[in-house]
Amino acid sequence: MIRVRQVKVKFGEENLLKKEVSHKLHINSSQILDLVIIRKSLDARRKDNIHYVYEVDVSVPSESKVLNKVHSKDIFLAPQEDYELPEKGNEKLSNRPIIVGSGPCGLFCAYMLAKEGYQPIVIERGDRVEKRVEEVTKFWNTGVLNPNSNVQFGEGGAGTFSDGKLNTMVKDKFFRGKKVFSIFVEHGAPSDIMYLQKPHIGTDLLQNVVKNIRNSIIRMGGEFRYSACVTDLFIENGKVVGIEINGKEQISCSVLVLAVGHSARDTFDMLYRRGVEMKAKPFAVGVRVQHPQSMIQMSQYGTLDSRFPVADYKLTYTTKKGRSVYSFCMCPGGFVVNASSEEGRLAINGMSYHARDSKNANSALVVNVTPDDFGNHPLDGISFQRKLEEKAFLYGAGKIPIQLYDDFRSGTFSTQFGDFLPVMKGNYTFGDLNDILPSFVADSICEAMPVFGKRIIGFDRGDAIFAGVESRTSSPIRIIRDEMGESNVKGLYPSGEGSGYAGGITTAAMDGIKVAEWIIKRYDSLQ
C-alpha cells in the first residue's frame with residue numbers, strides 16, 4: 001500500500017477524503033481499491049479554515065507506477081508497522097507468574113503472558129469492575145469509603161474512573177501502542193481510537209472493555225484473585241520466592257510483576273522495608289478548574305456549531321521563579337470527582353463519559369514539586385501528598401473544598417457561584433484553598449491564570465471554579481529496574497505508573513507489554 005500524509009479536508013466535507021487523496025496521487029479516485037485511515041487530526045488554528053488532516057494507506061492497481069509519477073516527502077510505500085513478540089527463552093518457570101494490580105499495566109502484561117501460555121495469576125486488592133462501580137457510586141453518594149476498592153483501587157485501575165484518554169507522546173518504534181489499541185478495539189472500544197490524534201474511550205465504555213479483557217485472560221488460562229492485598233514480600237538469596245496476601249496467606253513465586261498504581265502507598269512502604277531499591281521523583285500538585293464547555297468550544301472553534309468535536313486544551317507556563325504550571329488530564333464535558341483512597345484524606349480527579357456531554361470542562365491545574373520541596377527520602381513525596389490530602393479532608397469535613405478564582409487570588413472565602421454551577425461526583429463545600437495549598441503552588445497558579453486567559457478566551461474569568469486537592473498526577477517514587485526489567489530483588493519486575501515508568505492508560509499498558517516481553521525472552525511457558 002502507499003502511505004499518503006498531509007491530506008487536508010475541510011471540516012464537514014469528510015466524504016471528499018478519497019477525492020483529495022486521488023488528487024495528491026494524480027490518479028482517478030476509481031483507481032483507489034482500498035483506503036485505511038492511519039491518523040486523523042483537527043486543525044483549528046485558523047477559525048476561518050478549520051479542517052481535518054489525514055494520513056492514509058491506499059491500495060492501487062500499480063503502486064510502482066503511481067509512486068514514480070509523484071515526488072513528495074508525504075507520499076511513499078507504506079512501512080510495515082506490526083507488533084512482534086520476542087522468541088521464548090529456555091529457562092523453566094517453577095511457578096506461575098504473579099501480577100500485582102489489574103490496571104492497564106497489569107491487564108496487558110497478563111494478557112500477553114496468557115496468550116503465550118504462561119497462565120498468570122493476577123492479584124487485585126480491590127473488586128472486579130462491576131462491583132467496584134457500585135462501591136464508588138455509593139462513596140460519591142454517601143461519603144462512605146472502601147479503602148481497598150475505590151476510584152484508585154480495583155480492576156481497571158485509576159483510569160477506569162477518568163476520561164479514558166489514550167493519547168501519548170512516547171515514541172513507539174516497536175508498535176506496542178498500536179498493539180494496545182488493537183486489543184482495546186477487539187474487546188469493545190470504539191474503532192476510531194486506532195487513528196484519532198487524541199483517542200479516548202470514556203469511563204462508561206472502559207468498564208466493559210476491562211471486563212472483556214479479563215474474561216479473555218481467563219479463557220487463555222489466567223486467573224484473577226480479588227480483595228487480595230499484597231502485605232509482604234519473601235526474599236531468599238536476593239530473589240523473590242513468594243508473597244503474603246491479606247496478612248495471612250502465602251503464595252510461592254519466582255516471577256512477580258509489580259503493576260500497582262501510584263496510590264499504593266502501603267505497598268511502597270512494605271517494599272522499602274524489604275530492601276527494594278527506590279528513589280523519590282518529581283510530580284505535581286494543585287487544583288481542578290472548571291469552566292463552561294461552551295466557553296471552551298467558542299474559544300477553540302469560534303462557533304458553537306454542534307457538529308464540532310467536544311473541544312479540549314493543553315496549557316503550559318513557566319513562572320518567574322522557574323516553576324512549571326500546566327493543565328493535566330483535561331476532561332472535556334466531564335466531572336470533577338472525589339478520588340480518595342485513604343480514610344481521613346481527600347484527593348480529586350477528573351472523569352468523562354464517552355459522549356463528553358456534561359455542561360462543564362475541567363482539568364487539573366498543577367505546579368511541579370521536586371525532592372527539594374519535600375525531601376530526598378524515597379517516601380517523602382508520599383508524606384507531602386498525604387499532608388495536603390489531610391488538610392483538604394479536614395477543611396471540608398470530607399467534602400471537596402471549592403472556591404471561585406477571584407476569591408482564590410484575593411484569599412476570600414467563596415459564598416456563592418457565578419454564571420455557572422459545578423459538575424461534581426461527590427459532595428462539595430465552599431472554602432479557601434489557600435489554607436490547603438503551599439503558598440508557592442497558589443502563587444504560581446495565580447501568576448499563570450492571566451497568561452492562560454490569553455490562550456483560552458475566558459479561562460481567567462473570575463467565576464472559574466477551583467477544587468482541591470489534585471495531588472496524584474503521577475507516582476512520587478521510582479522503583480529502580482535494570483536493563484532486563486528486574487529490581488535489585490531478582491524476579492521482581494517493577495512496572496507501570498506506580499513504579500514510575502508510565503503516565504496514563506496507554507503508556508502503562510505499553511509498559512505492561514514491555515515487561516511481558518522481558519519475561520518471555522527469559523522463560524519458557526509453563527508446560
Side-chain angles (χ1 to χ4, degrees), residues 135-147 149-153 158 161-162 262-263 265 283-291 328-329 331 334-351 358 360 362-367 369 382-418 420-446 449 462-473:
E135 292 169 331
V136 169
T137 302
K138 178 183 176 182
F139 169 61
W140 286 336
N141 291 335
T142 67
V144 178
L145 175 71
N146 181 340
S149 192
N150 44 62
V151 172
Q152 306 294 341
F153 299 142
F161 295 95
S162 69
H262 56 45
S263 296
R265 295 163 171 172
F283 54 101
V285 299
V287 299
R288 280 257 155 196
V289 59
Q290 291 188 69
H291 299 93
F328 174 80
C329 187
C331 296
F335 301 80
V336 173
V337 305
N338 190 329
S340 304
S341 62
E342 293 180 329
E343 296 282 4
R345 300 186 178 102
L346 187 145
I348 61 171
N349 196 11
M351 185 187 86
S358 93
N360 289 359
N362 77 77
S363 74
L365 203 58
V366 291
V367 179
V369 292
I382 293 174
S383 298
F384 181 85
Q385 290 175 324
R386 278 177 162 163
K387 288 175 183 176
L388 291 180
E389 293 168 14
E390 287 166 6
K391 283 184 178 180
F393 183 88
L394 291 171
Y395 199 86
K399 298 177 181 179
I400 302 171
I402 61 174
Q403 185 177 24
L404 271 60
Y405 166 55
D406 260 353
D407 296 328
F408 177 74
R409 64 180 175 178
S410 65
T412 305
F413 198 97
S414 292
T415 57
Q416 62 182 16
F417 296 111
F420 72 103
L421 299 176
V423 180
M424 317 276 281
K425 296 284 188 179
N427 294 322
Y428 56 85
T429 184
F430 283 122
D432 186 357
L433 295 172
N434 291 282
D435 293 336
I436 300 170
L437 296 170
S439 58
F440 72 84
V441 172
D443 291 344
S444 297
I445 291 172
C446 286
M449 282 293 286
D463 64 348
I465 302 170
F466 283 2
V469 61
E470 176 83 31
S471 54
R472 305 192 194 180
T473 53

Steps toward ring-ring contact (aromatic ring centres under 6.0 Å, His included) verdict (Phe430, Phe413): CA-CA 7 Å; Phe430 283 122; Phe413 198 97; 7.3 Å; no
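- Looking at Asn141, its side chain never comes within 3.5 Å of a backbone N or O of Lys138 through a donor-acceptor pair.
- Side-chain contact between Lys425 and Val136 is absent, with no heavy-atom pair separated by less than 4.5 Å.
- A donor and an acceptor atom, one from each side chain of Asn360 and Gln290, are located under 3.5 Å apart.
- When all heavy atoms are compared, the tightest approach of Val289 to Ala464 is CG2-CB, 4.1 Å.
- Contact record, Gly334 with Ser358: O-OG, 2.7 Å, taken as the closest heavy-atom pair.
- Counting heavy atoms from C-beta outward, Ser414 and Ile402 have side chains that stay 4.5 Å or more apart.
- No donor-acceptor contact under 3.5 angstrom links the side chains of Asn150 and Glu135, judged on distance only.
- Partners of Asp407 by salt bridge (Lys or Arg N to Asp or Glu O under 4.0 Å), not counting sequence neighbours: none found.
- Looking at heavy atoms from C-beta onward, Val285 lies in side-chain contact with Phe384 at the 4.5 angstrom threshold.
- Of all the heavy atoms in Gly431 and Tyr395, the pair that sits closest is CA-CE2, 3.4 Å.
- One finds the CG atom of Leu421 at 7.0 Å from the CD1 atom of Ile465 (value rounded to the nearest 0.5 Å).
- For Ser340, the side chain to side chain contact (heavy atoms under 4.5 Å, CB included) test picks out Phe139, Asn338, Leu346, with sequence neighbours left out.
- Two residues are said to be in side-chain contact when any heavy atoms from C-beta on lie closer than 4.5 Å; Ile445 and Val367 meet this criterion.
- Side-chain contact of Tyr405 with Asp463: a donor-acceptor pair under 3.5 Å is absent, judged by distance alone.
- Contact check for Ser363 versus Phe328: no side-chain heavy atoms found under the 4.5 Å cut-off.
- The two residues Ile436 and Ala392 come nearest to each other via the heavy atoms CD1-CA, 3.8 Å.
- Contact record, Leu404 with Gly462: CB-O, 3.7 Å, taken as the closest heavy-atom pair.
- Considering Val336, Val287, Leu437, Asn349 as possible partners of Glu470, the one that fulfils the side chain to side chain contact (heavy atoms under 4.5 Å, CB included) test is Asn349.
- In this structure the side chain of Arg288 reaches within 4.5 angstrom of the side chain of Cys331, judged on heavy atoms.
- A distance-only check finds no donor-acceptor pair linking the side chain of Ser263 to the backbone of Gln152 [under 3.5 Å].
- When side chains are defined from C-beta on, Trp140 does not count as touching Asn427, because their heavy atoms never get closer than 4.5 Å.
- The two residues Ala442 and Asn434 come nearest to each other via the heavy atoms CB-OD1, 3.6 Å.
- Here CZ of Phe393 is found 9.0 Å from CG of Leu145. Values are rounded to the nearest 0.5 Å.
- Using a 30° and 60° split on the angle between ring planes, Phe466 and Phe408 fall in the perpendicular class, above 60°.
- Summarising the geometry, atom OG1 belonging to Thr473 is positioned 7.0 Å from atom NE2 belonging to His262; distances are rounded to the nearest 0.5 Å.
- A 4.5 Å side-chain heavy-atom check between Glu342 and Arg386 finds at least one atom pair inside the cut-off.
- Under the salt bridge (charged side-chain N to carboxylate O under 4.0 Å, His left out) criterion, the residue pairs touching residues 387-399 are Arg265-Glu389, Arg345-Glu390, Glu389-Arg472, with sequence neighbours excluded.
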So Val369 and Phe440, side chain to side chain contact (heavy atoms under 4.5 Å, CB included) or not? Walk me through it. CA-CA 10 Å; Val369 292; Phe440 72 84; 3.7 Å; yes
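- To the nearest 0.5 Å, atoms CZ (Phe335) and CE (Met424) are separated by 11.5 Å.
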